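Please read all numbers here as calculations on a predicted model, not as lab measurements. Read the numbers this way: they start at 1 and go in the same order the structure lists the ligands and their atoms. Counting from 1, the numbers follow the sequence of the chain as shown.
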Amino acid sequence: MKLICIGRNYTEHIKELENEKPTDPVVFLKPDTSILLKKQPFFIPDFSDEVHHEVEVLVKINRVGKYIAKKFAQKYYNEIGLGIDFTARDVQSRLKAKGLPWEKAKAFDGAAVIGKWLPKSEFEDIQQINFSLKKNDIIVQKGNTSHMLWKIDELIEYVSKYFTLKIGDIIFTGTPAGVGKVVANDKLKGFIGDNELFSITVK
Ligand code: ZN
């Protein structure tokens with residue numbers, strides 16, 4: 001399975017990183033080895049001094065598809081989740097400056113947190129989902145899926161032009177404002193509404 005990640009999908013996060021609004025979604029992949037194992041702490045890798053949390057709404061693909069039209073996209077997922085796209089920002093900045101790929105900053109072991117899943121049917125409108133991240137019990141990121149530049153069904157249409165979507169693939173839909181550095185002993189908890197979907201410790 002693969003993790004398909006979207007960058008710069010919320011306007012405020014774009015401002016925060018001083019990126020230009022893209023004309024196409026920014027897409028990158030993480031391998032399955034980047035998934036943080038259940039109940040394991042997240043270890044800050046020794047090649048970075050600046051790992052940032054990016055809380056993101058996740059979509060789990062449940063059918064094989066390619067060239068999926070937006071109007072049929074909702075048939076390809078049944079579950080919504082929440083996770084973290086951990087990013088070694090210092091490494092990413094160096095790679096970006098040289099126009100190099102981001103994998104070393106984004107796809108390292110443990111860089112993908114995947115929380116519990118909720119049935120899509122629990123949501124009246126998946127483009128009106130409130131989600132948040134608490135660091136040491138203080139809210140550091142707060143978002144609503146209505147602020148996505150590309151909506152979930154549009155993302156499925158877009159990424160399936162390039163990659164066949166397979167059962168179990170997960171889409172990370174981008175992070176809202178408030179990304180920030182983590183340090184050892186931080187506790188990160190992710191919420192959709194009041195529902196806690198993950199809790200991890202940084203080491
Ligand atoms: Zn991200």
> So how many protein N, O or S atoms does the Zn ion (ligand 1) have within less than 2.8 Å?
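Considering protein N, O and S only, the Zn ion (ligand 1) has 3 within range.
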> Within 45 degrees of the axis of the six-membered ring of Y77 and under 6.0 Å from its centre: does K120 put its NZ or CZ there?
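Flagged: K120 positioned over aromatic ring of Y77.
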> Check D32 with K2, please: is the shortest side-chain N to carboxylate O separation under 4.0 Å?
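So K2 does not pair with D32 through a salt bridge.
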> Ring of F198, cation from K116 - is the NZ or CZ under 6.0 Å from the centre and inside 45° of the axis?
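Not flagged: K116 not positioned over aromatic ring of F198.
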> So, the side chain of T145 versus the backbone of Q128: is there a donor-acceptor pair under 3.5 Å, distance only?
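Between the backbone of Q128 and the side chain of T145 there is a qualifying donor-acceptor contact (under 3.5 Å).
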> Going by an N to O cut-off under 4.0 Å, is there a salt bridge joining E157 and K151?
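Salt bridge absent between E157 and K151.
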> Please determine whether a side-chain nitrogen of the Lys or Arg among D49 and K181 lies less than 4.0 Å from a carboxylate oxygen of the Asp or Glu.
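Salt bridge flag = no for K181 with D49.
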